[in-house]
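Only one structure is covered here, and it is reproduced in the block below.
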There are 4 protein chains.
Amino acid sequence: MPSRRPERRNEESAKAIVRAALDLCREVGYDKLGIEGIAARAGVGKNTIYRWWPSKSAILLDGLLSAMTSAQSDFPDTGDVVADFKTQIVAACETLTRPDTAPHYAALIGAAQQDAELANAMWERLLSHLVAAAVDRIRHAQRQGQIRSDLDPDLIVELLYGPIYYGWLIRHSPPGREHIHTTVDTVFAGVAASSAEARSGNG
Amino acid sequence: MPSRRPERRNEESAKAIVRAALDLCREVGYDKLGIEGIAARAGVGKNTIYRWWPSKSAILLDGLLSAMTSAQSDFPDTGDVVADFKTQIVAACETLTRPDTAPHYAALIGAAQQDAELANAMWERLLSHLVAAAVDRIRHAQRQGQIRSDLDPDLIVELLYGPIYYGWLIRHSPPGREHIHTTVDTVFAGVAASSAEARSGNG
Amino acid sequence: MPSRRPERRNEESAKAIVRAALDLCREVGYDKLGIEGIAARAGVGKNTIYRWWPSKSAILLDGLLSAMTSAQSDFPDTGDVVADFKTQIVAACETLTRPDTAPHYAALIGAAQQDAELANAMWERLLSHLVAAAVDRIRHAQRQGQIRSDLDPDLIVELLYGPIYYGWLIRHSPPGREHIHTTVDTVFAGVAASSAEARSGNG
Amino acid sequence: MPSRRPERRNEESAKAIVRAALDLCREVGYDKLGIEGIAARAGVGKNTIYRWWPSKSAILLDGLLSAMTSAQSDFPDTGDVVADFKTQIVAACETLTRPDTAPHYAALIGAAQQDAELANAMWERLLSHLVAAAVDRIRHAQRQGQIRSDLDPDLIVELLYGPIYYGWLIRHSPPGREHIHTTVDTVFAGVAASSAEARSGNG
DNA sequence: CACTAAACGAGACGGTACGTCAAGTCTTTCG
DNA sequence: CGAAAGACTTGACGTACCGTCTCGTTTAGTG
């Protein structure tokens, strides 16, 4: 979705555009964010934007990514899977609370409901790495006997992250450290190997 | 949000407007849905729309509500809380899959990320009843000793519904019956009273 | 070309648009005249212009016509055809010299070289009446024996007006009264009935 | 207006540019003719055009001149001034009818109404020679007693060419041989020395 | 039953932003 | 080092909707 054409492109302009988009989005809101406003703020022609990005959401996605360079792929592995996930989720949830990422991320998730291409790009560039790392960590814990091995690691990721996103997107309450810890604890109580005898059939 | 003014209002036009909005939204997508299009399709003047609704999302919310008259407040209580939630969530998730509700609901959730008033209206009119009923059912199970009583019922609702919404909104995979059952089973394994000895919160 | 749709139209806006077009054309020139400028100057939305006129030239044509309400169809007939044409041509040539008509008329003639529809509209609304009146006057003089009756009246009109327009459009010298009189005298010397013996064959 | 800078200039490119301009003007019309289109068609960078010409009209003027190398300065002088002018005007009017010159010439005359520099260049490079030659021929005829010597030769040129241009630019009818001959005959009837007794100026 | 007042369809209005296009300038790259 | 290629800022284009505002025309509901 970004820089499809690797040819001679003014990186200064590109940065100014992404910066203007991020700032304006925070100031006026995603709905009132427009290409003209971004161009004016960035001191750039509209064409220069249209030349390199197909839509305002693509610009914001670029901006969001560059604001999220931390805690990406280095999933902690201390041996204690529960503690590791607490650490990781708390870190990941910064994106949902920091004022320079939260509104943009929420807006993009909202827009992605209407834009399959954006949804795909977000998955590819924003989430797939994190989810893959989490799945790996879970598999590792399963091999170590810490987690029931009959459960799909993807399901466990959903159980862990789902409540956070649900609270954030539907209930509009940003996730706090306490809340995350309780959630992770409760989920792991259900997936821990020690409770392998838990009812696994359906009713 | 709707019919705040109880004065003489043409119910035929109102129905035509809501119907036109629902149909057009499915046909052209929420983004390209516009008041002019709705008015034209409904054979109605634009003023008639603006007189009774403040925005396209308000119209869609009215339409979505009237398409969701089923399975609202009658939460089952068979004594088996796990089975009851499976039943209820499967029913509730129809909204996330039926083609006459899913796109509108997703669009509204997306739009609500930018519109606090809409978010509030959706909570009030769409979700609060369901969540309250679920909370009640959980409290009942807690009193019966089926669920650990040290857990906030709201948290449990999040654990149950969160993964579903996460899968739907973020991963864009509609929830299936199997998936729901597994999710509910796994969550209840963690919240069941029998696993009360599970670690309930370390640092 | 103007007001094709007679429906409810704001005449105040229409007047403001035509006035703004005339004024701006004089101030910045026809080439730099644009719909946006006219709209801004007239305090009007662009749509209101596009609704009633297809192009800037159509607006100017309307404006030019309303500035030329004088000396239209009342061709003088004093019995002296030469004097009558002097009177009439001098009057008609005001359009080519008055600062509130000359630049617009020149611009429209220029634009008409690239726009057959405009050319047609100008002929129909601007010139055909005048030419028809002149032809009538010539026919009358022919019946009275003042002008050779073997000559096409249209040719005589060309001989009379052609040099004026040529001087104006090609040589860019505005026609003066003396010049017009000399031209008319010289042409009538060639078409007068008294010189009927003039060589009429070709070489 | 053209090649002011005599430095190393690629004559192949120059020719390609002029050719492209002429062709494109005929194909898409003067209004839609643009520098970008010319550059693309000529396989040339835009800068190469801007380096040597200030505007599209300057390119077309160059092109038009090179397409009019015939019948320029060699005004016939057979002794019969009427026949000579018939010959000359018919030749000159080829420019107004040939499909490789007529549209460009009309476009340039139209554009010159808005561009004094272009108007000047056209007079200097296109017309002044022809008019000077015609004036010379008329002076010669006056000295020979064929034409009234009290008339300004310039006026006679206007009388001869004016009707042609008027018919072409205003009435949009290309000049035909018959029409030219009749016009010339009638004009000369008025200016011939034999009709010197014609009224030469009353009030 | 006429009268009045509103809600209605229609759509013109002043605006704003869209995405496209070309202008003329500037920079990079190649022959 | 001139020229091709083309990215750049600028700004107008014509379109599409916005939300507001008349218009006449129904249509209730009241006097």
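From a predicted model like this one, the values you see are computed outputs, not experimental measurements.
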task: With DNA chain F as reference, determine whether Asn10(A) or Ser13(D) sits nearer its 5' end, using the nearest nucleotide of each.
output: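 Counting from the 5' end, the first nearest nucleotide belongs to Ser13(D).
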
[N] [atom2] sits how many Å from [X] [atom1], rounded?
X	N	atom1	atom2	value
Tyr50(D)	dC26(E)	OH	P	13 Å
Trp52(B)	dA6(E)	CH2	C1'	9 Å
Ile49(B)	dA10(E)	CD1	C1'	13 Å
Arg51(D)	dG24(E)	CZ	P	15 Å
Ile17(C)	dG14(E)	CD1	C1'	11 Å
Glu11(A)	dT28(E)	CD	P	13 Å
Trp53(C)	dG14(F)	CH2	C1'	17 Å
Arg9(B)	dG9(E)	CZ	C1'	17 Å

If you round to the nearest 0.5 Å, how far is CH2 of Trp123(A) from CG of Leu118(A)?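 One finds 14.5 Å between CG of Leu118(A) and CH2 of Trp123(A).
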
- Residues in contact with DNA chain F, drawn from residues 28-45 of chain C - heavy-atom cutoff 4.0 Å: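 Contacting residues: Gly34(C), Ile35(C), Glu36(C).
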
_Exceeds 12 heavy-atom contacts within 6.0 angstrom, atom CD of Glu12(D)_ =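 Count not over threshold, so no.
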
query = Going by modelled atom types, is there a donor-acceptor pair between the base of dG19(F) and the side chain of Lys46(B) at under 3.5 Å?
reply =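 Between dG19(F) and Lys46(B), which were checked side chain against base, a qualifying N/O pair under 3.5 Å is present.
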
Q.
Is it the case that the base of dC21(F) and the side chain of Asn47(B) share a donor-acceptor contact (distance under 3.5 Å, atom types as modelled)?
A.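 It does, because a donor-acceptor pair links the side chain of Asn47(B) to the base of dC21(F) below 3.5 Å.
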
Can a salt bridge be assigned to the pair Arg125(B) and Asp62(B) using a cut-off of 4.0 Å between side-chain N and carboxylate O?
->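 Between Asp62(B) and Arg125(B) there is a salt bridge, with a charged N closer than 4.0 Å to a carboxylate O.
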
Checklist line | Min side-chain heavy-atom separation Leu64(D)-Met122(D) under 4.5 Å | finding: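 They are not in contact (no side-chain heavy atoms under 4.5 Å apart), so the answer is no.
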
Any heavy-atom pair between the side chains of Asn120(D) and His172(C) that's under 4.5 Å?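 They are not in contact (no side-chain heavy atoms under 4.5 Å apart), so the answer is no.
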
Next on the checklist: Regarding Thr48(D), tell me which of base, sugar-phosphate or nothing describes its non-hydrogen contacts under 4.0 Å with the strands shown.
Outcome noted: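 Sugar-phosphate contact only - Thr48(D) comes under 4.0 Å of backbone atoms but never of a base.
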
Donor-acceptor contacts, no H, no angles, side chain residues 106-113 of chain A, under 3.5 Å, sequence neighbours left out:
from: Gln113(A); atom 1: NE2; to: Ile109(A); atom 2: O; distance (Å): 3.2
from: Gln113(A); atom 1: NE2; to: Leu169(B); atom 2: O; distance (Å): 3.0

Checklist line | Side-chain (His104(D)) to main-chain (Leu22(D)) donor-acceptor, under 3.5 angstrom | finding: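 Yes, His104(D) side chain to Leu22(D) backbone: donor-acceptor pair under 3.5 Å.
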
